[in-house]
There are 2 protein chains.
Amino acid sequence: MLMSEAPRTASRAPSTLEDVARVAGVSRATVSRVVNATRNVDPAIREAVLAAIAATGYAPNRAARSLVTRRSETLALVVSGAGGTPDELARVVGDPFFGRVVAGVISHLRPRGMHPVLMFAEAGETREQVVAFLRQGNADGALIVSTHAQDPLPELITSAGLPAVLFARPAALLPISYVDLAHQEGGRLAAEQLLATGRRSVATICGPLDVPAAQDRLAGFRETMARRGHAYVPVVEGQFTQESGAAAMERLLDEHPGVDGVFAANDLMAAGACEVLREHGRTVPDAVAVVGFDDSGAALTCRPPLTTVRQPVEEMAAEMARLLVERVEHPDRPVASVIFDPQLVVRESA
Amino acid sequence: MLMSEAPRTASRAPSTLEDVARVAGVSRATVSRVVNATRNVDPAIREAVLAAIAATGYAPNRAARSLVTRRSETLALVVSGAGGTPDELARVVGDPFFGRVVAGVISHLRPRGMHPVLMFAEAGETREQVVAFLRQGNADGALIVSTHAQDPLPELITSAGLPAVLFARPAALLPISYVDLAHQEGGRLAAEQLLATGRRSVATICGPLDVPAAQDRLAGFRETMARRGHAYVPVVEGQFTQESGAAAMERLLDEHPGVDGVFAANDLMAAGACEVLREHGRTVPDAVAVVGFDDSGAALTCRPPLTTVRQPVEEMAAEMARLLVERVEHPDRPVASVIFDPQLVVRESA
DNA sequence: ACAGACGAGGAGAGCGCTCTCCGCTACGGA
DNA sequence: TCCGTAGCGGAGAGCGCTCTCCTCGTCTGT
């Protein structure tokens with residue numbers, strides 16, 4: 001192929017409905033009806049229109065359509081609370097959790113010919129940008145994944161009257177739809193797995209206690225342990241990072257040397273714990289069993305591979321998309337929430 | 001906050017330019033000029049308009065604007081060649097490489113108030129969707145990251161006359177802009193590191209040889225080795241997967257038991273090689289040094305952490321965005337390419 | 001003091017599409 | 001035979017914005 005004159009499938013001026021109508025010898029309205037399959041059209045005319053569309057290489061102009069339908073057929077996927085630097089961004093985006101969210105969202109949107117716009121909001125101003133973006137009609141609604149519990153974005157979106165669905169219940173009471181996991185149930189699964197493998201001295205590394213999900217995981221874990229006769233369970237708080245998990249494990253070994261089972265509120269902390277245990281010569285799972293949470297990539301790369309509590313993230317994300325599309329189409333319906341059940345994935349660590 | 005009557009920052013009918021004009025007592029044109037800072041406007045009038053905008057809660061309608069400007073102020077970020085199932089999607093999106101690309105793109109786009117639309121194209125039909133999406137004016141251009149060398153999307157886009165920038169040089173000669181890495185230089189860095197650590201019997205696990213990048217890495221590696229007196233270097237071809245890296249290492253150990261240094265053309269294969277070496281009781285780096293390529297997450301989770309050749313992915317992605325924006329604004333300028341230099345990251349494996 | 005130039009606001013024509021009417025034809029029942 | 005009705009195509013009015021003129025007022029130069 002020569003560099004200079006590339007073949008022009010699309011010629012200079014893109015063709016319009018008017019052009020197609022002229023070629024097909026019908027009115028704009030009829031072409032529109034064929035394009036949108038909006039009313040019965042005589043088969044012969046339909047064919048003629050289709051031929052004209054092919055001949056002219058017509059592609060409907062989305063801006064013109066949006067202008068009258070007041071719909072962009074686009075959703076925003078907002079990661080809120082992410083840091084602004086490329087490094088932090090890369091960390092968030094590179095997180096397998098994010099990948100699973102995107103995959104779930106896409107799986108619902110793609111069959112509908114929709115594609116998400118990716119946005120990241122952190123400092124005050126970028127949150128306003130998100131709201132402005134939606135208010136300008138760039139997107140019909142927002143799928144919001146907050147990395148922090150106290151994220152103000154849901155409130156902003158709600159008070160602007162824009163459709164949105166959250167991943168995880170908002171910290172404050174808000175008239176907004178969300179999907180979430182039965183975190184307590186996840187804590188219960190972890191407890192039962194540890195007890196089932198015969199552990200007698202069990203501790204837990206919980207997540208930051210201002211995060212509702214971390215609270216719930218801990219509560220479910222504790223309650224189940226208590227119900228099985230373990231009234232006291234040592235708890236150390238981590239920050240959902242591998243380092244904090246390692247530090248917590250050090251402390252646990254220090255204060256409770258006899259520990260033989262650990263539930264970490266996410267896989268990253270569990271991986272940190274495993275590393276510390278190995279350094280201390282405690283084999284996993286023989287000396288100490290470890291259960292993680294999330295079933296992230298860390299669960300697989302960890303040695304040994306982690307037994308963990310899996311969130312059906314893809315399904316949850318797909319449900320978010322479903323809820324949002326539904327809300328965009330029927331703004332009058334009440335907000336809804338869907339809670340998913342976690343699942344225990346047994347690998348080698350417990 | 002009550003669930004029923006949320007405060008309406010944006011009232012029912014969004015206000016238009018017309019509304020603002022009426023409130024400010026000026027014409028639509030003047031308001032437009034203020035909004036777009038397109039011409040000098042009398043300070044007093046300007047203030048009045050600004051006040052009216054605040055009072056009405058006006059947000060410009062993007063569809064209407066796009067209709068006349070023929071610009072969507074949106075770019076598509078296309079991952080082409082990705083699998084269609086949620087699992088495969090999650091794998092691609094969860095790849096730290098993708099995260100770094102997104103971070104780089106965002107870092108350039110966000111200051112300009114632009115946000116990328118995420119699209120995945122795999123089978124034939126979804127590629128057409130991407131083209132249709134662009135032709136409808138949903139996005140002004142495409143940033144394309146192909147996972148396979150023989151991806152037909154660049155050709156499709158080019159022949160439709162749509163602006164696009166590729167990550168990595170296209171396999172076929174195409175009038176299209178791209179950014180790429182000096183892969184040969186990367187191969188050279190790997191060779192020199194292995195030689196610098198005193199390795200005498202060096203082999204390489206190269207990537208699929210239909211991928212230009214794999215060829216270049218191999219060529220750069222070989223040439224440097226040859227120049228340093230190592231005329232023959234055993235080569236085993238891998239498929240850029242951890243399994244293929246492991247298999248290649250097995251074969252290398254079998255055919256060349258004396259090997260004491262290995263350059264794997266990506267980190268995943270290097271990780272596979274490390275695992276096999278460990279199983280065979282060869283310590284890394286003492287018995288065998290291993291150098292990877294990419295500096296992906298695998299380089300860090302690998303035991304020992306990999307010495308590897310890093311691509312400045314964020315910068316490359318940002319440059320892609322820059323090139324594309326430039327091309328959208330000046331379609332008549334010739335296509336351009338920018339080649340980045342790799343960097344050796346020394347960790348523990350070599 | 002007057003002509004010319006310049007600067008700034010207003011009027012109005014669309015951008016390409018959807019959607020509500022309206023009109024025409026064909027057909028069925030009384 | 002005639003009217004009611006269903007079905008389908010056409011006409012035309014915007015959707016909210018930008019942008020090109022046009023007009024008018026003011027400022028400069030002689």
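Nucleic acid contact for A/Arg39: base, since at least one base atom lies under 4.0 Å from a heavy atom of the residue. Using a 4.0 Å heavy-atom distance criterion, B/Arg70 is classed as a sugar-phosphate-only contact.
What separates CG of B/Asn40 from C1' of C/dC6 is a distance of 12 Å, to the nearest Å.
Using a distance-only test at 3.5 Å, with no hydrogens or angles considered, a donor-acceptor pair links the side chain of B/Arg110 to the main chain of A/Phe120. Here the side chain of B/Asn36 pairs a donor or acceptor atom with the backbone of B/Ser32 at under 3.5 angstrom. Of the possible donor and acceptor atoms, none in the side chain of A/Arg70 sits under 3.5 Å from a partner among the backbone N and O of A/Ser66.
Ion pairing of A/Arg22 with A/Glu18 is absent here, as no side-chain N (NZ or NE/NH1/NH2) approaches a carboxylate O to less than 4.0 Å.
Across the interface with DNA chain D, nearest-nucleotide mapping of B/Arg65 and A/Leu67 shows A/Leu67 to be the residue nearer the 5′ end. In terms of position on DNA chain C, the residue among B/Val41 and B/Val68 whose nearest nucleotide sits closer to the 5' end is B/Val41.
Against DNA chain D, the stretch residues 19-29 of chain A makes heavy-atom approaches under 4.0 Å through A/Val26, A/Ser27, A/Arg28, A/Ala29.
For A/Ser80 and A/Arg127, the side-chain atoms include at least one donor-acceptor pair closer than 3.5 Å. For the residue pair B/Asp19 and B/Thr56, no side-chain donor N or O sits within less than 3.5 Å of a side-chain acceptor on the partner.
Taking CZ of B/Arg322 as the reference point, atom CZ of B/Arg112 lies at 9.0 Å (rounded to 0.5 Å).
Running 5' to 3' along DNA chain D, contacts with non-hydrogen atoms of chain A at under 4.0 Å begin and end at D/dC8 to D/dG16.
Checked against ring-ring contact (aromatic ring centres under 6.0 Å, His included), A/Phe133 has the following partners two or more places apart in sequence or in another chain: B/His115.
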